[in-house]
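Just below is one structure, and these are the notes that go with it.
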Amino acid sequence: MPNALITGITGQDGLYLSELLLSKGYDVYGLIRGQNNPKERMVRRTVPGVKLIAGDLMDMASLIRAMDTSSPDEIYNLGAISYVAYSWQQAKLTSDVTAMGVLNVLESVRVWAGADLDRVRFYQASSSEMFGKVQEVPQRETTLLWPRSPYGVSKVFGHYMTINYRESYGMHASSGILFNHESPRRGHEFVTRKVSQAVARISLGLQDEIVMGNLDAKRDWGYAGDYVEAMWLMLQQPTADDYVIATGDTHSVSDLLDAAFAAIGVDDWSGYVRQDPAFMRPAEVDLLIGDPSKARDVLGWKPAVGFNELIAMMVESDLEIETRRARRLTDTP
Ligand code: NAP
Ligand code: G4F
């Protein structure tokens, strides 16, 4: 069975993709950074079949060592500084990891594989953030890119570098332009999880309000479990290419609040939500909605989980987590 190397193994997508590849019988290796990464135990518990390799996207020597250790047939480059708001605070670091990190992986593969480069397949985690100030609605593979954040600019670099390695070296390098995808494993800094956790806590009487930024921004939100399937499908194609992965539906942050509060039986959430300019961004991406028809026609991919089901799933999961946490706190002597 093939070997796969995943960067970003501790993240939301790294976990879902590992589960998918392990279920298909792959030998899965995950790159993990830091000398005592706090998420290592969680990864070992969640996906015990994954073999972890120490490395960092900014350290090319560690990437070449990771190739040597894992001898990958497929490489999924999911590692990144992925929180858009944070990318303004650490723009240089974001560029080093999210932009230059892609080049480091591509070049490591090229150097390591040598004459066997055509045996290796590469996936780059590109993003709908690259569309930024959108020049076309809905956004498709050919839509002009106009990024609005250091994160978006970095993803554009990685996207074009992936295409360049495909065109320069004939590498099987594909880029998935994924729109927002969420799950109970989503980081708490992102708006869906921030809301699902807060709504669960409000329902349990543990919190009074949620402090939010822009409620008018619209996103095309899908389920991460569906989206990792598309990553795998891209690397099974005879030729590499770029694909938009999206649901084709869009919802505002207000719609997200509607769906999350509805899951706990609250119709009018106005008394629970306060806006604070601290959560507004220097430049906003107002509207994202993807056209996934190429992925549907070529890959045979379509999402299974819809928006309301996704948000209800996240609130339900956070209700369980917060209930367990509250119980542990009251049990503490
Ligand atoms: P995530 O949960 O934020 O995970 C990011 C991963 O990158 C973590 O495992 C993190 O490791 C790792 N990482 C950060 N800096 C690194 C470095 N210097 N060297 C090696 N690894 C590093 O992101 P996600 O939601 O799973 O997304 C996966 C990828 O898809 C990312 O590239 C993201 O930008 C992209 N993407 C995501 C979405 C989405 O809606 N989720 C949409 C489009 C594209 P630590 O735990 O050690 O920090
Ligand atoms: O959940 P978000 O932080 O995700 P964003 O910025 O769309 O980025 C995510 O999706 C991208 C794909 O398009 C990925 F590439 C990227 O890595 C990441 O996974 O914010 C969504 C929207 C924004 O318009 C933001 O301004 O929600 C708005 N928002 C309003 N109040 C908030 C908040 N976002 C956050 N995080 N926190 C708030 O309180």
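Side-chain atoms are counted along with the backbone in the values below, which use heavy atoms only and exclude waters and symmetry mates. Numbering of ligands and ligand atoms starts at 1, following listing order.
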- [ ] Please identify which atoms of ligand 1 are closer than 4.0 Å to at least one heavy atom of Q12.
- [x] 2 (O), 25 (O), 26 (O), 41 (N)

TODO: Record the part of K155 in heavy-atom contact with ligand 2 below 4.0 Å; permitted values are side chain, backbone, both and neither.
DONE: neither

TODO: Answer yes or no: are there more than 12 heavy-atom neighbours, outside R140 itself, under 6.0 Å from its atom CZ?
DONE: yes

Open item on the list: I need the contact type for A217 against ligand 2. Using non-hydrogen atoms and a strict under-4.0 Å cut-off, is it side chain, backbone, both or neither?
Closed with: side chain

TODO: Mark up the atoms of ligand 1 that fall under 4.0 Å of a heavy atom belonging to K39, in ascending order.
DONE: 46 (O)

Task: Note: E182-K194 ion pair, threshold 4.0 Å (strictly below) - done: no

Task: From the candidates N214, L215, L178, V253, the one that places a heavy atom nearest atom 27 (O) of ligand 2 - done: V253

TODO: Identify, by atom number and element, the atoms of ligand 2 in contact range of V84, meaning under 4.0 Å from any of its heavy atoms.
DONE: 6 (O), 8 (O)

Task: atom 19 (N) of ligand 1 - nearest protein heavy atom and its distance - done: L57 N, 3.0 Å

- [ ] Check whether any N or O atom of Y151, backbone or side chain, sits under 3.5 Å from an N or O atom of ligand 1, and answer yes or no.
- [x] yes

- [ ] Select the closest option to atom 5 (C) of ligand 1 among G8, A80, G79, judged by heavy-atom distance.
- [x] A80

TODO: Give a yes or no on whether the backbone of D226 and the side-chain of W301 come within a donor-acceptor separation of less than 3.5 Å.
DONE: yes

TODO: Could you list which atoms of ligand 2 come closer than 4.0 Å to a heavy atom of S128?
DONE: 12 (C), 13 (O)

TODO: Would you check whether D56 reaches within less than 4.0 Å of ligand 1, judged by its heavy atoms?
DONE: yes

- [ ] Taking only Lys NZ, Arg NE, NH1 and NH2, and the carboxylate oxygens of Asp or Glu, determine whether D73 and R119 approach each other closer than 4.0 Å.
- [x] yes

- [ ] Look at D318 together with R201 and state whether they make a salt bridge at an N to O cut-off of under 4.0 Å.
- [x] no

Task: Ring geometry between F307 and W221 (parallel below 30°, tilted from 30 to 60°, perpendicular above 60°) - done: parallel

Task: For atom 4 (O) of ligand 1, closest protein heavy-atom neighbour - done: G11 CA, 3.4 Å

Task: Short side-chain to backbone donor-acceptor contact, T250 and L288, under 3.5 Å - done: yes

Task: Heavy-atom nearest neighbour in the protein, as seen from atom 48 (O) of ligand 1, with distance rounded to 0.1 Å - done: R33 NH2, 2.6 Å

Task: Atoms of ligand 1 close to N37 [distance to a heavy atom under 4.0 angstrom, numbered from 1] - done: 47 (O)

Open item on the list: Could you identify the single nearest non-hydrogen protein atom to atom 9 (C) of ligand 2 and state the distance to 0.1 Å?
Closed with: N180 ND2, 3.6 Å

Task: Salt-bridge criterion met for E129 and K155 (N-O under 4.0 Å) - done: no

Task: Region of F279 engaging ligand 2 - heavy atom pairs below 4.0 Å - done: side chain

TODO: Return the residue, atom name and 0.1 Å-rounded distance of the protein heavy atom closest to atom 1 (P) of ligand 1.
DONE: S82 OG, 3.7 Å

Open item on the list: If the cut-off is 4.0 Å to any non-hydrogen atom of S126, which atoms of ligand 1 fall inside it?
Closed with: 43 (C), 44 (C)

Task: Whether Y83 and F190 hold their rings parallel, tilted or perpendicular, with breakpoints at 30° and 60° - done: perpendicular

Task: Under 4.0 Å to a heavy atom of V97 - the qualifying atoms of ligand 1, by number - done: 15 (N), 16 (C), 17 (C), 18 (N)

Open item on the list: Among all the protein's non-hydrogen atoms, which is closest to atom 20 (O) of ligand 2, and how far away is it?
Closed with: R281 NH2, 3.4 Å

Task: Protein heavy-atom partner closest to atom 26 (O) of ligand 1 - residue, atom, separation in Å - done: D13 N, 2.9 Å

Task: Any N/O pair L78/ligand 1 closer than 3.5 Å - done: yes

TODO: Would you mind checking which non-hydrogen protein atom is closest to atom 25 (O) of ligand 1, with the distance to 0.1 Å?
DONE: R186 NH1, 3.4 Å

Open item on the list: Check whether D59 reaches the backbone of S62 with its side chain - one donor and one acceptor, N or O, closer than 3.5 Å.
Closed with: yes

Open item on the list: Is there a polar contact between ligand 1 and M58, counting only N or O atoms under 3.5 Å apart?
Closed with: no

Task: Any N/O pair A125/ligand 1 closer than 3.5 Å - done: no

- [ ] Starting from atom 43 (C) of ligand 1, find the nearest protein heavy-atom neighbour and note its residue, name and distance.
- [x] L178 O, 3.1 Å

Open item on the list: Tell me whether E209 contacts the main-chain N or O of Q207 through its side chain, where contact means a donor paired with an acceptor under 3.5 Å.
Closed with: no

Open item on the list: I'd like to check which ligand 2 atoms, numbered from 1 as shown, lie under 4.0 Å from a non-hydrogen atom of S82.
Closed with: 16 (C), 17 (O), 18 (C)

Task: Polar contact flag for T10 and ligand 1 (N/O pairs, less than 3.5 Å) - done: yes

Open item on the list: If I apply the N/O under 3.5 Å rule, does N77 come out as touching ligand 1?
Closed with: no

Task: E182 N/O to ligand 1 N/O under 3.5 Å - done: no

Task: Residue K302 excluded, over 12 heavy atoms near NZ under 6.0 Å - done: no

Task: Distance filter under 4.0 Å to N180 heavy atoms, resulting ligand 1 atoms - done: 40 (O)

TODO: Examine V191 against ligand 2 and note whether any of their N/O atoms are separated by less than 3.5 Å.
DONE: yes

Task: Atoms of ligand 2 close to L288 [distance to a heavy atom under 4.0 angstrom, numbered from 1] - done: 13 (O)

- [ ] Keeping the roles fixed (side chain from S252, backbone from K218), state whether a donor-acceptor pair exists under 3.5 Å.
- [x] no

Open item on the list: Side chain or backbone, does H181 bring an N or O within less than 3.5 Å of an N or O on ligand 1?
Closed with: yes

Task: Among H181, R219, R186, H188, closest by any non-hydrogen atom to atom 19 (O) of ligand 2 - done: R186

- [ ] Show which atoms of ligand 2 fall inside a sub-4.0 Å distance from at least one heavy-atom site of Y83.
- [x] 3 (O), 36 (N)

- [ ] Give yes if a backbone or side-chain nitrogen or oxygen of G213 is under 3.5 Å from a nitrogen or oxygen of ligand 2, and no if not.
- [x] yes

Open item on the list: Quick one, I53 and S70 - any side-chain contact, counting heavy atoms below 4.5 Å?
Closed with: yes

TODO: Run the contact test for R185 against ligand 1 with a 4.0 Å cut-off on heavy atoms, strictly below, and give the result.
DONE: no

- [ ] Return a yes/no value for L31: is any of its N or O atoms, backbone included, closer than 3.5 angstrom to an N or O of ligand 1?
- [x] no

Open item on the list: Working note: E141 + K294, criterion salt bridge (charged side-chain N to carboxylate O under 4.0 Å, His left out); need CA distance, chi angles, decisive distance, verdict.
Closed with: CA-CA 8 Å; E141 292 79 5; K294 181 177 173 184; 5.0 Å; no

Open item on the list: Is it the case that ligand 2 has an N or O less than 3.5 angstrom from some N or O of W221?
Closed with: no

- [ ] Measure from atom 36 (N) of ligand 2 to every heavy atom in K194, R193, E189 and give the option owning the shortest one.
- [x] E189

- [ ] Evaluate the side-chain contact (heavy atoms from CB on, under 4.5 Å) criterion for residues V28 and I6: first the C-alpha distance (whole Å), next the side-chain angles of each, then the deciding distance (0.1 Å), finally the verdict.
- [x] CA-CA 8 Å; V28 181; I6 301 173; 3.8 Å; yes

TODO: Mark up the atoms of ligand 1 that fall under 4.0 Å of a heavy atom belonging to K155, in ascending order.
DONE: 31 (C), 32 (O), 33 (C), 34 (O), 35 (C)

Open item on the list: Whether the D268 and S270 side chains hold a donor-acceptor pair (N or O, under 3.5 Å, no angle test) is what I'd like checked.
Closed with: yes

Task: Atoms of ligand 2, numbered as shown, that sit under 4.0 Å from any heavy atom of S127 - done: 11 (C), 12 (C), 13 (O), 14 (C), 15 (F)

